[in-house]
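All values reported here derive from a predicted model rather than from experimental measurement. Numbering of ligands and ligand atoms starts at 1, following listing order. Numbering starts at 1 and runs along the sequence shown.
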Amino acid sequence: MTAKIDRFLADVRPPTPFVVIDRDVVRDNYLALRRWLPLAQVFYAVKANPAPEIVSLLVDLGSSFDVASRNEIDLCLEVGADPARVSFGNTIKKKADIAYAYDKGVRLYAFDSEAELLKLAEAAPGSRVFCRILMTCDGAEWPLSRKFGCEVDMARDLLIKARDLGLDPYGVSFHVGSQQTDLGQWDIAVGKTAMLFSALNEAGIELKMINLGGGFPARYRSDVPTIDRYADAVMHAMTNHFGNSLPGMIIEPGRSLVGDAGVLEAEVVLISRKGYADTVRWVYLDVGKFSGLAETMDEAIKYRVHTDRDGDATGPVALAGPTCDSVDILYEKAGYEMPLTLEVGDRVRFMATGAYTTSYSAVNFNGFEPLKAYFV
Ligand SMILES: *Cc1c(COP(=O)(O)O)cnc(C)c1O
């Protein structure tokens, strides 16, 4: 918790639930990544937190942007981003949206299939394109699975086809999975990419860029290595597989730039037990899966949770949201404990909630308002 957030929570005390974001933390995280990975161009993954307050700060710092939709493109351009610094990184795009991006000046696009490549050739002629390869996402707390990417041999053929279609086969991308805790994953991914670079070299195509995606962490319940260790792992993988002829490097951090910058404050609405002999208290909050805490799905992301009664004796709890939907349980199996003195009306704080919260919040499920955000 930063001093600015602490002061905001004590002095302003808006009605819950809300998230408060300290922009200085976003700036520090951006500068730390630049310091530890000076060879990589940073493309902020806008979906992690699309607040104009954050995107404009990153424009000022010189960041580039990874976007997935028309609205994300508009957002970046409206706060002053140069379209030359925007990458349309979604592999699933409508042709009309590609044409829209092209018209706005976007010239860098992702693909992972032949059908997408054909759309790009028609709607974004001559653009730089990069092919996303499939990763297993082992070690990631929020894996991205087989939905994205293709096998290396298919990527090779598609990059050759890109050239034949008049596009500029520019590079290769991957995402090792979000909140990746296994530093060895980058070596596997960069190794596959380097193989692809040589295969294309033999076909007369010189790729120029490797897009190393996201996966860098925020700090939740378990400790994670510091960002310099991630940077070391990335650079070690790069020199291991590319030697002295490193291609241009792009990274697309989302979670690691904004996650630690936010604190979500909620209120206890109800505390109950399911039977006389039950030791587990059910603690129902005014925030849940539908109002910002979607990443608790399958109890995947385990936030640190604090109250003003920390230090008192604790007992086991199940934590749930306020809606009339049974999936709106945050934690039942993850072993959370809360103070036995906890009372209805107490405030509860979820730490490191600057990423993937406001943008996941439903607009009106059960009549509950979307999660509010404040910036300090
Ligand atoms: C979501 C996403 C990211 C950001 O991932 P983090 O793990 O949050 O850093 C980066 N690149 C792409 C293509 C994404 O979809």
(message) Any atom of ligand 1 sitting under 4.0 Å from a heavy atom of P253?
(response) yes
(request) Answer with yes or no whether G215 contacts ligand 1, where contact means a heavy atom under 4.0 Å from a ligand atom. (result) yes
(request) Determine the interplanar angle of the F365 and F290 rings, folded into 0 to 90°, and report it as parallel if under 30°, tilted if 30 to 60°, perpendicular if over 60°. (result) tilted
With heavy-atom distances below 4.5 Å as the criterion, would you say the side chains of [X] and [Y] are in contact?
X: K4; Y: V25; result: no
X: K302; Y: Y336; result: yes
X: R255; Y: S178; result: yes

(request) Any atoms of ligand 1 less than 4.0 Å from a non-hydrogen atom of R132? List them with their elements. (result) 13 (C)
(request) Taking only heavy atoms of A45 into account, list the atoms of ligand 1 that are under 4.0 Å away from them. (result) 3 (C), 4 (C), 10 (C)
(request) Ignoring hydrogens, just give me the one of E252, H175, R255 whose non-hydrogen atom is nearest atom 13 (C) of ligand 1. (result) E252
Identify the protein heavy atom lying closest to [atom], giving its residue, its atom name and the separation to 0.1 Å.
atom: atom 1 (C) of ligand 1; result: K47 NZ, 1.2 Å
atom: atom 8 (O) of ligand 1; result: Y356 OH, 2.6 Å
atom: atom 6 (P) of ligand 1; result: S178 OG, 3.5 Å
atom: atom 9 (O) of ligand 1; result: G254 N, 2.8 Å

(request) Examine K192 relative to F174 and say whether NZ or CZ is less than 6.0 Å from the centre of the six-membered ring and inside a 45° cone about the ring axis. (result) no
(message) Taking the basic N atoms (NZ, or NE/NH1/NH2) and the acidic carboxylate oxygens, is any pair closer than 4.0 Å for K95 and E122?
(response) yes
(request) Determine the minimum heavy-atom distance between Y44 and P253, stating which atoms define it. (result) CD1-O, 3.4 Å
(message) Heavy-atom distances under 4.0 Å decide this one: backbone, side chain, both or neither, for L144 against ligand 1?
(response) neither
